[in-house]
Amino acid sequence: MSLRKRGRGTRAKSARGEEWDELLDGAAAARRRVRPSEQIDALRHLFDDPGLAGVDLAAAAVVINVTSARCRVFLDGRDLDCIVPPEIAARQKSALAVGDRVLLDDDLRLAAILPRRSVLSRPDPLNPHLQRLIAANIDVVANVVSMKSPPLRPRLIDRFLIAIQRGGAAPLIVVNKIDLDRDLTSLIVYEELGVPVIACSTKTGQGLDELRAAVNGKTSALVGHSGVGKSSILNALDERLRIATGDLHRRGTGRHTTTSSTLHDLGGGTLIVDTPGIRELGLWDLTPRALRESFPEFDEPAELCRFNDCTHLHEPACEVKERVERGEVSRARYDTYVRLMEDLSCEKR
Ligand code: GDP
Ligand code: ZN
């Protein structure tokens, strides 16, 4: 079983993704300008409306950075500064994301956000009822980790894998700083789940070709704890980028190096979103059922649990728990599952 195999929960989104590709293909024929006065939400629903067939999707710009009232976009090889209408600006972090495909009006005002083929999102840390978009329309989300300095945080990996899978992108684990520690034993479980693991070092250059091949021609996002080397990796992939890394910030600015997500164009159709480092990742809109489906290694033993709807927590004759005891299912992953289930039952109360 592979994490890349989409759970039931994400099927609807990938189907939309296919429709979206089809629409893009047919877009050259489509000609109709979007009226800027229309409300964004109304426009968003055009997707379900045959009216969208008339919109010139080929003219869609790609969002590369978002600030409160403005956003930067790529359009026809140019980098433009656009106005975000107040309706969207008010909900900026939940309404508009780096990677979004947008339509602009003649005054460079954002007129519509097109349907997304994938998202990476989390609940807003300050208001958990608000979905906060980290990036949109990404093919691959690379969770960058280090074994040492900062130490590996397997629970954060598990959480990222769930968020990635639910958002419809493919996961990748990038272990940086292997010049410091080459023992990758605790990551074998992810490879067994079908998640590709690439080991690299921006100091020695090891593994960077493999990473280049994995992101080539795709839209990817680099996510992870701060200090693991996301900015260094981007600089290593394209030396023109010159993104400030932790070295600089230790030397004195005292500020975080990356404070908002930015999309970088590495040429040849390779786009990479750099995201701010995070310590915690909440999971958006997670139900107990979706959580169980996020642990594909439970699927087969779950068939042998005494109860059909076994939650693998307290039930007797639970094959999942027995396999954890026998060392056949990763205890670290099971522990993440138990924690997340507990979080869900706390939220309900
Ligand atoms: P970010 O917060 O994830 O963007 O991490 P940075 O790219 O700013 O890197 C954090 C620190 O790790 C900096 O001091 C880098 O010089 C260092 N670093 C980055 N890559 C490597 C690596 O491959 N090996 C070692 N030893 N240090 C690295
Ligand atoms: Zn069970």
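Since this is a predicted model, take the numbers as computed values, not measurements. Both counts, for ligands and for their atoms, begin at 1 and track the order of listing.
In the vicinity of S201, heavy-atom distances shorter than 4.0 Å reach the ligand 1 atoms 23 (O). Set against the non-hydrogen atoms of L180, the atoms of ligand 1 under 4.0 Å away are 26 (N).
Proximity of T245 to ligand 1, defined as any heavy-atom pair under 4.0 Å, is shared by backbone and side chain alike. Both the backbone and the side chain of T202 come within 4.0 Å of ligand 1, counting heavy atoms alone. Contacts between V228 and ligand 1 below 4.0 angstrom, taking non-hydrogen atoms only, involve backbone and side chain alike.
Other residues, nucleotides and ligands contribute over 12 non-hydrogen atoms within 6.0 Å of the CZ atom of R326. Heavy atoms of other residues, nucleotides or ligands lying less than 6.0 angstrom from CZ of R339 number 12 at most. Around CG of N127, the count of heavy atoms belonging to other residues, nucleotides or ligands within 6.0 Å exceeds 12. Other residues, nucleotides and ligands contribute only 12 or fewer heavy atoms inside 6.0 Å of the CD atom of E280.
Remark: distances from the non-hydrogen atoms of G277 to ligand 1 are all 4.0 Å or more.
Taking all heavy atoms of K148, K203, K230, H225 into account, the minimum distance to atom 3 (O) of ligand 1 is reached by K230.
Each protein N, O or S atom less than 2.8 Å from the Zn ion (ligand 2) was counted, giving 4.
For ligand 1, the polar-atom distance check finds no N/O of S226 at less than 3.5 Å from any of the ligand's N/O atoms. For ligand 1, one of its N or O atoms has an N or O atom of G229 under 3.5 Å away. At under 3.5 Å, a nitrogen or oxygen of G227, whether backbone or side chain, sits near a nitrogen or oxygen of ligand 1.
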Practice prompt. List the steps, then state whether side chain to side chain donor-acceptor pair (under 3.5 Å) holds for N176 with S146.
Written response: CA-CA 5 Å; N176 187 35; S146 57; over 6 Å; no
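Residues satisfying the salt bridge (Lys or Arg N to Asp or Glu O under 4.0 Å) criterion with R153, sequence neighbours excluded, are absent altogether.
Under the side-chain hydrogen bond (donor to acceptor under 3.5 Å, both in side chains) rule, R72 has a single partner from N65, D79, T67, T262, which is D79.
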